[in-house]
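Here, residue 1 is the first one in the sequence, and each next residue gets the next number. These numbers come from a predicted model, not from an experiment.
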Amino acid sequence: MPNLLENKVVLVVGATSGVGAGVARAASAAGAHVAVAGRTRDKGKAVVAQLTGPGVFVQGDVSDAEEARRLVTDTIAEFGRIDCLVNAAGLTTRGTLLDTTPELFDAHVATNLRGPFFTMQAAVEDMRDRGEPGTIVNIISIAEHGGQPYLAPYVASKAGLAGLTRNAAFAHRWDRIRINGLDIGWTETDGEAAVQRDAHGAGDDWVEKADASVPMGKLGQVDEIAEFVVFLLSDRSGVVTGSVIDWDQSVPGAHD
């Protein structure tokens with residue numbers, strides 16, 4: 001997808017691994033100047049080294065509201081502005097309604113909802129102050145429709161992010177700031193591999209078993225998601241805003 005984001009400044013939060021790292025690479029390949037944001041400097045620098053265009057690592061923990069805003073202001077300090085924001089950081093620690101502690105619930109809300117709220121706040125402030133359009137994509141989850149019982153705090157936070165995405169898109173449509181979300185489903189990442197081993201006792205063949213259990217014969221792939229995010233960030237996605245798109249091979253509400 002060459003030139004879709006030519007000379008755009010893109011901040012990807014949660015870009016040190018998984019989907020976020022894939023989005024950072026895809027945005028760079030599309031011509032963007034990319035700020036790779038995350039908590040771990042070594043991982044962030046490694047992703048920056050994979051970019052094909054200008055890039056920088058900005059360090060911070062999105063679960064802290066002030067640090068979330070600072071990821072944006074550091075990007076602006078480096079590149080002079082922010083044109084596009086992707087919120088890809090996510091906490092997936094398991095918990096049911098009955099065994100989730102207040103601390104676990106708060107951790108999910110802090111990373112999956114409060115952090116994106118304040119990165120969006122800071123990004124929209126810069127876009128509106130400059131009088132320029134911008135785009136934001138929030139990586140949400142197909143689980144926001146209900147999810148499994150062991151994802152109770154995760155579902156609560158991601159459902160909140162879906163609502164926030166629509167609210168912010170409506171609030172800033174006349175600022176020409178387009179805000180959309182992607183409800184991604186089961187995706188093959190290193191993080192998912194760790195979750196499958198640690199939370200579900202999966203073996204080394206978990207990907208093969210997972211691929212065989214889904215209609216398309218494969219889990220979601222990072223590069224495919226990343227290219228779709230780049231499209232949503234770009235002008236080629238037209239006027240679309242306030243859309244939370246189900247990017248999965250399940251169909252919420254349908255059943256045999």
Please test L71 against D74 for side chain to side chain contact (heavy atoms under 4.5 Å, CB included), starting from the C-alpha separation and ending with a verdict.
CA-CA 5 Å; L71 294 174; D74 283 356; 5.7 Å; no
R173/D175 salt bridge by N-O under 4.0 Å criterion:
no
Are V62 and L161 linked, directly or through intermediate hydrophobic residues, by side-chain heavy-atom contacts shorter than 4.5 Å (ILVMFWY only)?
yes
ILVMFWY cluster, I142 and V244 together (side-chain gap under 4.5 Å):
no
Would you call R70 and E67 a salt bridge, using N to O less than 4.0 angstrom?
yes
Check: R114 side chain, N112 main-chain N or O, donor-acceptor pair, under 3.5 Å:
no
Mind listing the closest non-hydrogen atom pair of S28 and V34 along with its distance?
N-CG2, 3.8 Å
Partners meeting ring pair (Phe, Tyr, Trp, His ring centres under 6.0 Å) with F118 (sequence neighbours left out):
none
Student check: side-chain heavy atoms of I184 and I140 closer than 4.5 Å
no
With a 4.5 Å cut-off on side-chain heavy-atom distances among I, L, V, M, F, W and Y, is there a chain of contacts connecting W247 to V137?
yes
Around atom CZ of R39, are there more than 12 heavy atoms from other residues, nucleotides or ligands closer than 6.0 Å?
no
Between E144 and D183, is the side chain to side chain contact (heavy atoms under 4.5 Å, CB included) condition met? List the steps.
CA-CA 8 Å; E144 63 99 350; D183 273 352; 2.6 Å; yes
Test item: side-chain donor near acceptor, H33 and D83, under 3.5 Å
no
With distance as the sole test, does N180 use its side chain to make a donor-acceptor pair with the main-chain N or O of V240 at under 3.5 Å?
yes
Looking at E227 and R25, is there a salt bridge between them, counting it only when a charged N and a carboxylate O are closer than 4.0 Å?
no
Closest non-hydrogen atoms of A21 and T16, given as atom of the first, atom of the second and distance, are CB-C, 4.2 Å
Have S237 and R178 got a donor and an acceptor in their side chains that come within less than 3.5 Å?
yes
Verify whether one side chain among T165 and N138 offers a donor that lies under 3.5 Å from an acceptor in the other.
yes
Working note: N87 + V12, criterion side chain to side chain contact (heavy atoms under 4.5 Å, CB included); need CA distance, chi angles, decisive distance, verdict.
CA-CA 6 Å; N87 281 304; V12 185; over 6 Å; no
Does either side chain, that of D248 or that of S250, offer a donor lying less than 3.5 Å from an acceptor on the other one?
yes
Among L51, L11, V13, which residue meets the side chain to side chain contact (heavy atoms under 4.5 Å, CB included) test with V36?
L51
How far does CZ of R41 sit from CZ of F57, to the nearest 0.5 angstrom?
5.5 Å
Any chain of hydrophobic side-chain contacts (each under 4.5 Å) joining V10 to V230?
yes
According to ring pair (Phe, Tyr, Trp, His ring centres under 6.0 Å), who are the partners of Y150, at least two apart in sequence or on a separate chain?
H200
Please check if the number of heavy atoms outside D129 that lie under 6.0 Å from its CG is greater than 12.
yes
Side chain to side chain contact (heavy atoms under 4.5 Å, CB included) assessment of F79 paired with V56
CA-CA 9 Å; F79 294 116; V56 65; 3.5 Å; yes
